[in-house]
Amino acid sequence: MTIRGINLLTNRFVSSRSRTTCVYKCGDACNGEAPNEFASANAYFGDVVKKSFSRRRALQAGGGAALVIGGGSVLAACGDNSGNNGNGGNTISDGENEYEVPRGMRFDMVSPNMDDKVTVPEGYEDRVLIAWGDPIFEDVPKFDFENQTAKAQEGQYGFNNDYGALVETPGGQLVHVSSHEYTTEPMMFHDWTPEDTTEEQVNIGLAAHGLTVLAVDKGDDGFLTPVIGHPLNRRITANTEFEIAGPAAGHDLLKTEDDPTGTKVYGTLNNCAGGLTPWGTILSGEENCNQYFGGFDQIEDEEVQENLSRYGITSETSTRNWEKFHDRFDLTKQQNEPNRFFYVVEIDPADPESTPIKHSALGRFKHEGGNIYITDDGTVVCYSGDDERFEYIYKFVSSRKMVEGDLAHNMGILNEGTLYVAQFDGNSPESEIDGSAQLPEDGAFDGSITWIPLMTANADGTSESHVDGFDGAEVCIYTRQAADTVNPTRMDRPEDVEPSPITGKVYAALTNNKYRGATGEDGTDAAGREYEGVTEVAPVTENKNGYVIEMDDDHAGTSGTWNLLLVCGDPDEAYTYFGGFDKSQVSPITCPDNLAFDEYGNLWVSTDALYAMEMNDGLYAVSVDGDTRGLTKLFMSVPYGAETCGPIVEHDLVMVNAQHPGENDEATTEDPTSNWPDGGDSQPRPAVIQVRRTDGGAIGM
């Protein structure tokens, strides 16, 4: 079986993601300037940090879809589905050697495609669990695209679903939890514009954000079905009350007219990936919250503007113009409101009356998610990535250990401990890292990790800063600025960071960074800056396809080692690397995003194909150990225009969230480019996909 290559090296890397998606998902962050000024060779922002964060002053702050690649390259195609040569069989051969395919990966490799459907291996079938607008309560109307209301949306499954988790509650009920990252108003309403948006449309958008907790039952056919009206069902929206916990709670920078105490926030926004804690709660990362605020141009205080812009908040009018009807999104009226977002939130899916928590001790940045690892001695560690170009990877090491069955205690675990940011050093000479991703002489992109402490939160509610110019609470509120001062490693969009439950090694998806080493005609960008060049941990100039990094971390300590498991892209191109495995035997993969593990320890990677490869997003299984380390196989692809999110890999069931199907710059509600999942001439709807074997057997066996 040979993969027919997509010529990534010579194409112009036109984005396969629509401009519509870029604008509404992240405020077009990938096409704007990187907020981290340290990504530039001109490190003038260091002076800004010193100026802005004296304690005295801080406390005063009251793309069209590409149809042609290069000269006309076609989609990659896999070999036949005979089960030979490593496709669906138990062994794989490179012509000279034969290797055993890992358990959990013995399925027919799916061919990349651009079909408007879910594509799964031979012998597997798929079904939708729930889609945008489907009611979760009995007294809520069925979805009607032409007659949406905010009241109905508050009781219906939300819009663009990202994170997904299956949880069995203490009472034995299985629930599925989804986050709803963002809304795409032009795909939700006819002829929508931000200027003409109505109050009802704005309130529908607010209600379509957040999370859904949905009770599910498993049928005799192995698929899950919603239990409409179950007492555990819950919608958490952009209007739900949250408690702020940790050192920042009650700080002046979090106080607003709506909440003069600085201890509660209405709503959660842009909830991206997340994590399931060992004590049964859900962690959800607030990511691109910058796009919801307008009025930046009317702020006269230069320091406030600098603090906002470090988080990408620079707009005169927000993407959706929510400030037109809600003052809390108007920076001229509520300058502290953004400080109340960009956190990891925790919810208890077993208690629909509980108040969700925003954990300030985990830091404030564009969290992709938060994932827990517990060491042999019971130390709890939470890993998280800041998903933007040239941002950082963090971990929080708690000083409180988990107590089995004591939920009240366990939900305070993330309020006490030390927050760290990572520095990744390579062990090869700089001369061997030239931007081509050719392996250095030692045969690997690898090196050491040093974790730099930023803040320690104490059991008595006090906190200690480890960064000059910040107190502990300020580190929690201005985490990016505090981290900037200690020289951590600028990464290529660190997204999901997941510890393996089998080996304890930690994996991170580094999605892409087209500005890595990029320069304009005169060697600088539009702002006169030359972007940071390649390093051993980011060895590709203008990285369009991303990496997966593996960390062997001393979880509770301050050191570790790292290596790049995957340098993604077309396996036919010299710059790609698949853990040293024979590249003629692997699937092409680009822009890794969310990660998961199966029961055998294989890594599963979902993609967000922002750049380069003209193919639908998908879910891949990757071998991380032994002779097949680096073997990468496409298990399923999602419909046209959709992104693969929130993978769940159970013994006999795989689930993903298909986000923004049919989002294309040519698409309108009158002429959609996808009709999934309902078919016919219906509007596309984000939905949850389930995949199982037709014979009910174990996945990948």
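Separating the SG atom in Cys289 from the CD1 atom in Ile313 is a distance of 8.5 Å, to the nearest 0.5 Å. Atom-to-atom distance recorded for Gln659:CD and Asp162:CG is 5.0 Å, nearest 0.5 angstrom. Taking CG from Asp492 and CD from Glu388, the interatomic distance works out to 12.5 Å, rounded to the nearest 0.5 Å. The distance from atom OG1 of Thr193 to atom CG of Asn321, rounded to the nearest 0.5 Å, is 9.0 Å. Interatomic distance, OG1 of Thr240 versus CD of Glu154, reported as 8.5 Å (0.5 Å rounding). Taking CG of Asp608 as the reference point, atom OG1 of Thr511 lies at 6.5 Å (rounded to 0.5 Å).
Heavy atoms only, all atoms of each residue included: Gly363 and Thr479 are closest at CA-OG1, 3.3 Å. The two residues Ile282 and Ala165 have their closest heavy-atom pair at CD1-CB, 3.8 Å. In terms of heavy atoms, Phe159 sits closest to Thr184 at CE2-N, 3.5 Å. Across all their heavy atoms, Glu286 and Gly267 have their closest contact at OE2-O, 4.2 Å. In plain terms, the two heavy atoms of Phe470 and Glu474 that are nearest each other are CA-OE1, 3.3 Å. For the pair Glu257 and Lys333, the tightest heavy-atom approach, listed with the atom from each and the gap, is OE2-O, 4.5 Å.
The closest side-chain heavy-atom distance from Glu643 to Cys591 is not below 4.5 Å. Side-chain contact between Ser315 and Phe296 is absent, with no heavy atoms from C-beta onward closer than 4.5 Å. Put simply, the side chain of Met655 reaches to within 4.5 Å of the side chain of His176, judged on heavy atoms. Gln156 is not listed as a side-chain neighbour of Ile204, based on a closest heavy-atom distance of 4.5 Å or more. In this structure, Phe365 and Asp387 have side chains that are not in contact, with every pair of non-hydrogen atoms separated by 4.5 Å or more. Here the side chains of Ile236 and Val345 are not in contact, with every heavy-atom distance at 4.5 Å or above. A heavy-atom distance below 4.5 Å is not found between the side chains of Asn513 and Tyr531. With contacts defined as side-chain heavy-atom distances shorter than 4.5 Å, the pair Ser178/Ile130 does not qualify.
When only modelled atom types and interatomic distance are considered, Thr355 and Glu243 share no side-chain donor-acceptor pair under 3.5 Å. With hydrogens and angles left out, the side-chain atoms of Thr197 and Glu185 include no donor and acceptor closer than 3.5 Å. Side-chain contact check for Asp484 and Tyr392: at least one donor-acceptor pair (N or O, by modelled atom type) lies under 3.5 Å. Looking only at atom types and distance, the side chain of Thr183 has a donor-acceptor partner in the side chain of Arg320 under 3.5 Å away. Residues Asn270 and Lys366 bring no donor and acceptor atom of their side chains to less than 3.5 Å of each other. With 3.5 Å as the limit, one finds a donor-acceptor pair spanning the side chains of Ser674 and Asp116. Of the N and O atoms on the side chains of Asn271 and Tyr163, not one donor lies less than 3.5 Å from an acceptor on the other residue.
Not counting sequence neighbours, the partners of His209 by the ring pair (Phe, Tyr, Trp, His ring centres under 6.0 Å) test are Tyr292, Trp322. For Arg235, the side chain to side chain donor-acceptor pair (under 3.5 Å) partners two or more places apart in sequence, or in a different chain, are Thr212.
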Using side chain to side chain donor-acceptor pair (under 3.5 Å), reason through Ser318 and Glu323 one step at a time and then give a plain yes or no. CA-CA 7 Å; Ser318 72; Glu323 67 272 21; 2.5 Å; yes
Evaluate Leu206 against His326 for side chain to side chain contact (heavy atoms under 4.5 Å, CB included), listing each step before the verdict. CA-CA 11 Å; Leu206 287 162; His326 296 276; 3.5 Å; yes
Report the C-alpha separation of Ser606 and Val656 in whole Å, then their side-chain angles, then the decisive distance to 0.1 Å, and conclude whether the side chain to side chain contact (heavy atoms under 4.5 Å, CB included) test is met. CA-CA 9 Å; Ser606 68; Val656 298; 5.7 Å; no
Give the intermediate values and the outcome of side chain to side chain contact (heavy atoms under 4.5 Å, CB included) for residues Tyr24 and Glu181. CA-CA 10 Å; Tyr24 291 90; Glu181 185 178 7; over 6 Å; no
Between Ser360 and Leu254, is the side chain to side chain contact (heavy atoms under 4.5 Å, CB included) condition met? List the steps. CA-CA 11 Å; Ser360 67; Leu254 298 187; 5.9 Å; no
With side chain to side chain donor-acceptor pair (under 3.5 Å) as the test, would you mind laying out the steps for Asp258 and Thr256 before giving the verdict? CA-CA 5 Å; Asp258 295 332; Thr256 66; 4.9 Å; no
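The backbone N or O of Leu331 sits nowhere less than 3.5 Å from a side-chain atom of Gln334 that would complete a donor-acceptor pair. Within the 3.5 Å criterion, the main-chain N or O of Val497 finds a donor-acceptor partner in the side chain of Asn371. At distances below 3.5 Å, not a single donor-acceptor pair connects side-chain atoms of Gln298 with backbone N or O atoms of Gly295. Within the 3.5 Å criterion, the main-chain N or O of Glu195 finds a donor-acceptor partner in the side chain of Lys324. A donor-acceptor pair is defined here as one N or O able to donate and one able to accept, closer than 3.5 Å; no such pair exists between the side chain of Arg364 and the backbone of Tyr343. At distances below 3.5 Å, at least one donor-acceptor pair connects side-chain atoms of Thr668 with backbone N or O atoms of Glu670. Thr263 contributes no side-chain N or O that, together with a main-chain N or O of Ile244, makes up a donor-acceptor pair within less than 3.5 Å. Under a 3.5 Å cut-off, the side chain of Arg480 and the backbone N or O of Asn307 do not form any donor-acceptor pair. Under a 3.5 Å cut-off, the side chain of Glu542 and the backbone N or O of Ala518 do not form any donor-acceptor pair. At distances below 3.5 Å, at least one donor-acceptor pair connects side-chain atoms of Asn594 with backbone N or O atoms of Gly646.
Note: His660 and Tyr182 have tilted aromatic rings, judged against thresholds of 30 and 60 degrees for the angle between ring planes.
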Report, one line per pair, each donor and acceptor closer than 3.5 Å where one atom sits in a side chain of residues 131-143; sequence neighbours left out.
{"residue": "Trp132", "atom": "NE1", "partner": "Gln153", "partner atom": "OE1", "Å": "2.9"}
{"residue": "Asp134", "atom": "OD1", "partner": "Arg685", "partner atom": "NH1", "Å": "3.0"}
{"residue": "Asp134", "atom": "OD2", "partner": "Ala131", "partner atom": "N", "Å": "2.9"}

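In this structure, Lys358 forms a cation-pi arrangement with Phe341, its terminal cationic atom sitting closer than 6.0 Å to the ring centre and no more than 45° off the ring axis.
Note on Glu391 versus Arg310: salt bridge recorded, some NZ/NE/NH1/NH2 to OD/OE distance being below 4.0 Å.
Counting heavy atoms of neighbouring residues, nucleotides and ligands inside a 6.0 Å radius, atom CG of Asp144 exceeds 12 of them.
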